[in-house]
Amino acid sequence: FVDNPKWIIGYSDITLLHAHIYSNFRIASLHAPMAAAFNEFDEDREYLESILYCLTGTKLRYQLAPHDLNKHGIAEGELIGGNLSMLAHIIGTDSDPDTTNRILFLEDIGEYKYNIDRMLMQLKRAGKFSAISGLIIGSFTEIKDTTIAFGQDVQDLILNKVSEYNFPICFDFPVGHTGKNYALKVGVKHRLAIEKERIVLEEISTQELTTPPSA
């Protein structure tokens with residue numbers, strides 16, 4: 001694989017493979033829908049076609065509408081991240097990626113609010129937020145609460161953990177366990193511009209690591 005890399009494609013638990021390959025071999029991979037999503041091609045065509053653009057060598061550029069909770073600014077760095085649970089559980093292992101000067105993206109599904117709070121605190125205490133250049137928050141779906149309500153929604157939980165930092169933050173980016181799941185090139189350098197009128201995430205370089213060849 002190192003001598004002749006191919007695109008590793010997937011998300012959710014595949015976050016572990018993305019993190020390990022990036023951290024150990026400096027090879028790009030693709031956080032993107034898997035084969036089961038092709039059954040919904042007509043409904044989610046825009047998001048599934050983003051995989052094709054990656055595989056055929058097109059530089060990615062996504063433009064989104066603004067969100068009220070966004071923190072404006074510009075960030076540049078290699079894009080890393082994925083499933084919050086996986087990233088929290090690999091801290092301290094050989095798969096744990098360095099987040100310094102990177103753009104970090106997070107998503108998750110089926111978690112209790114208190115556990116999301118705990119995992120975010122784990123990332124914070126491990127220094128994962130202290131030197132990132134930007135933060136992208138994807139979908140947090142099927143979130144559960146306990147009998148005694150936690151008292152905050154997921155967005156408030158996240159803001160509470162990162163309020164002391166100055167990096168820009170983008171909420172509701174289409175990545176995660178929904179049909180709205182854009183392909184993202186893990187390890188590739190991107191520019192994230194969060195403005196009042198729009199958000200733009202675009203690929204700006206692939207020179208600092210190995211990128212599998214186009215199809």
Side-chain angles (χ1 to χ4, degrees), residues 5 7-12 14-15 17-33 46-67 69-84 86-87 96-107 123 128-139 158 162 165-176 180-214:
W7 284 109
I8 300 297
I9 305 173
Y11 69 107
S12 192
I14 308 303
T15 296
L17 292 181
H18 295 314
H20 188 81
I21 290 168
Y22 172 72
S23 298
N24 290 274
F25 307 113
R26 300 287 293 161
I27 295 173
S29 58
L30 203 55
H31 185 282
E46 174 184 357
Y47 304 96
L48 294 175
E49 284 185 339
S50 68
I51 303 173
L52 178 62
Y53 299 145
C54 292
L55 296 179
T56 54
T58 302
K59 284 194 173 184
L60 298 181
R61 186 181 189 276
Y62 300 128
Q63 181 171 317
L64 310 172
H67 189 281
L69 295 179
N70 284 352
K71 186 174 181 180
H72 300 160
I74 296 175
E76 290 188 4
E78 293 173 349
L79 188 65
I80 61 171
N83 183 260
L84 172 61
M86 290 293 102
L87 294 172
D96 187 10
D98 181 4
T99 60
T100 303
N101 297 323
R102 272 76 168 183
I103 299 173
L104 177 65
F105 69 96
L106 301 173
E107 64 83 27
L123 263 64
K128 298 302 178 182
F129 297 132
S130 60
I132 62 174
S133 61
L135 180 62
I136 295 173
I137 302 302
S139 62
I158 295 168
V162 301
Y165 305 111
N166 294 321
F167 49 73
I169 306 173
C170 170
F171 281 91
D172 281 355
F173 190 92
V175 61
K180 297 179 179 180
N181 188 16
Y182 276 133
L184 295 175
K185 293 181 180 179
V186 175
V188 173
K189 192 172 183 180
H190 285 69
R191 183 178 187 269
L192 173 66
I194 304 175
E195 303 170 346
K196 183 178 180 180
E197 299 81 12
R198 63 177 185 173
I199 300 98
V200 176
L201 178 68
E202 57 186 336
E203 180 185 346
I204 59 175
S205 174
T206 58
Q207 296 177 354
E208 298 179 12
L209 79 170
T210 302
T211 304
S214 301

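All residue numbers in this chain count up from 1 along the given sequence.
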Quick one: does [X]'s side chain get under 4.5 Å of [Y]'s, heavy atoms only?
X	Y	answer
Lys59	Glu202	no
Phe173	Ile137	no
Ser139	Val175	no
Trp7	Thr211	yes
Asn83	Leu87	no

**Request:** Check the side chains of Tyr182 and Glu46 for a donor-acceptor pair under 3.5 angstrom, ignoring hydrogens and angles.
**Result:** yes
Please check: side-chain N/O of [X] versus main-chain N/O of [Y], any donor-acceptor pairing under 3.5 Å?
X	Y	answer
Tyr62	Ala183	yes
Ser23	His20	no
Asn101	Gly77	no

How long is the straight-line distance from [atom2] of [Y] back to [atom1] of [X], given to the nearest 0.5 Å?
X	Y	atom1	atom2	answer
Leu30	Ile51	CG	CD1	7.0 Å
Leu106	Leu84	CG	CG	5.5 Å
Cys170	Ile103	SG	CD1	10.5 Å
Ile136	Leu79	CD1	CG	5.5 Å
Leu201	Leu184	CG	CG	6.5 Å
Lys196	His72	NZ	NE2	8.0 Å

**Mutual orientation of the aromatic rings belonging to Phe167 and Phe129 [parallel < 30°, tilted 30-60°, perpendicular > 60°]** = tilted
**Prompt:** What residue among Ile27, Val186, Thr210 forms side chain to side chain contact (heavy atoms under 4.5 Å, CB included) with Ile21?
**Reply:** Ile27
Which residues pass the side-chain contact (heavy atoms from CB on, under 4.5 Å) test with [X], sequence neighbours left out?
X	value
Ile74	Arg191, Ala193
Pro168	Ala75, Ile194
Gln63	Arg61, Arg198, Val200
Ala19	Ile90, Pro97

I need the minimum non-hydrogen distance between [X] and [Y], along with the two atoms involved.
X	Y	value
Leu104	Gly81	CD1-CA, 3.9 Å
Ile9	Ala32	CG2-CB, 3.9 Å
Ile199	Ala65	CD1-O, 2.9 Å
Tyr47	Pro174	CE2-CB, 3.8 Å
Leu209	Val188	CD2-CA, 4.2 Å
His31	Ser12	NE2-N, 4.5 Å

Any residue meeting ring-ring contact (aromatic ring centres under 6.0 Å, His included) with [X], in chain and number order, not counting sequence neighbours:
X	result
Phe25	none
His67	Phe171
Tyr22	none

Under the side-chain hydrogen bond (donor to acceptor under 3.5 Å, both in side chains) test, which residues partner [X], sequence neighbours left out?
X	answer
Thr100	Asp98
Asn70	none
Thr15	none
His18	Ser29

**Request:** Start with the C-alpha distance between Lys180 and Asp172, add both sets of side-chain angles, then the distance that settles salt bridge (charged side-chain N to carboxylate O under 4.0 Å, His left out), and finish with yes or no.
**Result:** CA-CA 10 Å; Lys180 297 179 179 180; Asp172 281 355; over 6 Å; no
**Prompt:** Taking it one step at a time, do His190 and Ile204 satisfy side chain to side chain contact (heavy atoms under 4.5 Å, CB included)?
**Reply:** CA-CA 5 Å; His190 285 69; Ile204 59 175; 5.6 Å; no
**Asked** Who are the salt bridge (Lys or Arg N to Asp or Glu O under 4.0 Å) partners of Glu78, not counting sequence neighbours?
**Response** Arg26, Arg102
